[in-house]
Amino acid sequence: MNNITVIGSGTMGNGIAHVFAQNGYKVSLVDINQPALDKALATISKNMDRQVTKGTLSEEDKNTALSKIKTFTSLKEGVEIADLVIEAATENLSIKLDLFKQLDELCKEDTILATNTSSISITKIAAATSRPDKVIGMHFMNPVPVMKLVEVIRGYATSEEVSDKIMDLSKKLDKIPVEVNDYPGFVANRILMPMINEAIYTLYESVAGVEEIDTVMKLGMAHPMGPLQLADFIGLDVCLSILRVLHDGFGNPKYAPCPLLVNMVEAGFKGVKTGEGFYKYTPGVKEFTVSPQFNRK
């Protein structure tokens, strides 16, 4: 597999494109508008500059990697020579099903179709295509250039050959792949999201404040980031979406999202992406403070 197409140029998409290009693959980055693609290229360049500063990437290698990324606003043109397509679009089932139907029609017969979904059923996505044996999950972690883990999720019909190829490919990216089966939330989010949800309930029930909850988990459990800060970083809307997938998939009330999380998302407080969630973030400033909504009297 030499020609990789990444669908979606947001945080995950540009991170995935970055890693493939840095490892010598030709990357086609696809999005619906050129400004989004231009922003993605600027982000990739900025992140590679950090690597150059740290001495983990040379200036020459940076320029070589950037030259391997081509951008497309046409899905047809972006996937026509792809050996592997990785979808990193919005975490929305209907969008993904529609996209995979199109990919099935536009891609070569032997192209592997992967999704970076963090919770949606690979089996359900694969059923929208005529090649379910060639559909698989590649769940990268954020930030992609830094985090080593890739959850490789096999759908019900995913072939052994395709699974082996994606496991090997992930290792060539200097990642550590872990193969899991296709159940709601897979492993990472099935464990992580209930913890985040419980942290939100702990705040909702006034057991402790935002900083206190995060401090307990950082100092007591050696987590590098508290669950409320992590929720802000992931995006509260994404957390809510995943919890709903878990709740619907298992029918178990323990996965029901906390009402506080629902209200925050509906009010537009989605974390870092909107400038405020459990904490308030100021562009260009590293320090952040607890949202005024949660300042304890």
Side-chain angles (χ1 to χ4, degrees), residues 1-52 56-92 95-108 110-118 125 129 135-147 150 166 169-170 172-175 235 238 272-273 283:
M1 289 186 280
N2 297 311
N3 299 300
I4 312 298
T5 294
V6 180
I7 310 292
S9 63
T11 300
M12 296 305 294
N14 72 58
I16 294 167
H18 174 151
V19 168
F20 273 99
Q22 186 179 324
N23 284 277
Y25 294 88
K26 295 176 182 177
V27 179
S28 297
L29 185 57
V30 181
D31 211 314
I32 57 176
N33 63 73
Q34 192 60 45
L37 291 164
D38 293 340
K39 181 180 178 182
L41 289 177
T43 298
I44 294 169
S45 181
K46 183 179 178 181
N47 289 337
M48 286 184 176
D49 283 338
R50 290 198 186 99
Q51 292 176 289
V52 171
T56 58
L57 188 70
S58 71
E59 187 70 34
E60 182 181 358
D61 287 343
K62 171 201 163 185
N63 292 331
T64 299
L66 289 174
S67 72
K68 291 184 176 295
I69 304 174
K70 292 185 178 181
T71 62
F72 297 86
T73 54
S74 164
L75 183 62
K76 181 179 180 180
E77 293 177 8
V79 304
E80 61 184 357
I81 64 168
D83 301 309
L84 168 67
V85 176
I86 303 175
E87 171 271 318
T90 305
E91 192 74 347
N92 178 291
I95 291 174
K96 291 185 188 296
L97 292 179
D98 180 63
L99 185 53
F100 272 77
K101 286 177 185 176
Q102 293 182 64
L103 292 173
D104 188 38
E105 295 170 359
L106 296 172
C107 293
K108 299 181 298 180
D110 60 347
T111 300
I112 295 173
L113 305 180
T115 173
N116 183 57
T117 181
S118 56
I125 292 172
T129 76
V135 178
I136 195 165
M138 284 188 82
H139 181 207
F140 290 83
M141 304 293 132
N142 186 26
V144 181
V146 176
M147 300 294 278
V150 178
I166 296 303
L169 176 66
S170 299
K172 290 175 182 176
L173 298 175
D174 196 28
K175 300 297 184 186
V238 176
V272 175
K273 68 176 74 175

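On a predicted model such as this, the values are computed, not experimentally measured, just so you know.
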dist Asp31:CG -> Lys39:NZ (nearest 0.5 Å) comes out at 11.0 Å

Using the rule given for side-chain contact (heavy atoms from CB on, under 4.5 Å), can you reason through Val19 versus Asn23, listing the C-alpha separation, both sets of side-chain angles and the distance that settles it, and then say yes or no? CA-CA 6 Å; Val19 168; Asn23 284 277; 3.9 Å; yes

Smallest heavy-atom separation, Asn33 atom then Ala36 atom, equals OD1-N, 2.9 Å

Begin from the C-alpha positions of Leu29 and Phe72 and carry the test side-chain contact (heavy atoms from CB on, under 4.5 Å) through to its verdict. CA-CA 6 Å; Leu29 185 57; Phe72 297 86; over 6 Å; no

Sub-4.5 Å side-chain heavy-atom contact between His139 and Thr117: no

Val144 versus Met12: any side-chain heavy-atom pair under 4.5 Å? yes

Please round to the nearest 0.5 Å and tell me the distance separating atom OG1 of Thr111 and atom CG of Leu84. 8.5 Å

Where Ala40 and Ser9 come nearest, the two heavy atoms and their spacing: CB-O, 3.4 Å

Closest approach of Ser28 to Gly78 (non-hydrogen atoms, all atoms of both residues): CB-O, 3.4 Å

Can you name the residues that form a side-chain contact (heavy atoms from CB on, under 4.5 Å) with Lys62, not counting sequence neighbours? Ser45, Met48, Asp49, Val52, Leu57, Glu59, Leu66

Rounded to the nearest 0.5 Å, how far apart are CG of Leu99 and CG of Leu103? 4.5 Å

Taking atom CD1 of Ile7 and atom CG of Asn116, what is their separation to the nearest 0.5 Å? 12.5 Å

Looking only at heavy atoms, what is the nearest atom pair of Ala21 and Lys68, with distance? O-CD, 3.9 Å

Is the number of heavy atoms from other residues, nucleotides or ligands within 6.0 Å of NZ (Lys273) greater than 12? yes

Derivation of the side-chain contact (heavy atoms from CB on, under 4.5 Å) call for Leu106 and Leu75: CA-CA 8 Å; Leu106 296 172; Leu75 183 62; 3.9 Å; yes

Would you call Met138 and Ser170 a side-chain contact if the rule is heavy atoms closer than 4.5 Å? yes

Just by distance, no angles: are the side chains of Gln34 and Asp38 close enough, under 3.5 Å, to form a donor-acceptor pair? yes

Not counting sequence neighbours, which residues clear ring pair (Phe, Tyr, Trp, His ring centres under 6.0 Å) with Tyr25? List them please. Phe20

Worked verdict on Val27 versus Lys70 for side-chain contact (heavy atoms from CB on, under 4.5 Å): CA-CA 6 Å; Val27 179; Lys70 292 185 178 181; over 6 Å; no

Only pairs at least two apart or in different chains count here, so list each salt bridge (Lys or Arg N to Asp or Glu O under 4.0 Å) that has a residue in residues 76-87. Asp83-Lys108, Glu87-Lys96

Donor-acceptor side-chain pairing of Thr129 and Asp104 below 3.5 angstrom: no

More than 12 heavy atoms from other groups under 6.0 Å of CD1 on Ile32: no

Non-hydrogen side-chain atoms of Leu113 and Cys107 separated by less than 4.5 Å: yes

I need the Met141 CE to Lys175 NZ distance, nearest 0.5 Å. 10.0 Å

Between Ile69 and Ala17, which heavy-atom pair has the shortest distance, and what is it? CD1-O, 4.3 Å

Val6 to Gly13 - nearest heavy-atom pair and separation: CG1-O, 3.6 Å

As an exercise, state the distance from CG of Asn14 to CG of Leu41, rounded to the nearest 0.5 Å. 9.0 Å

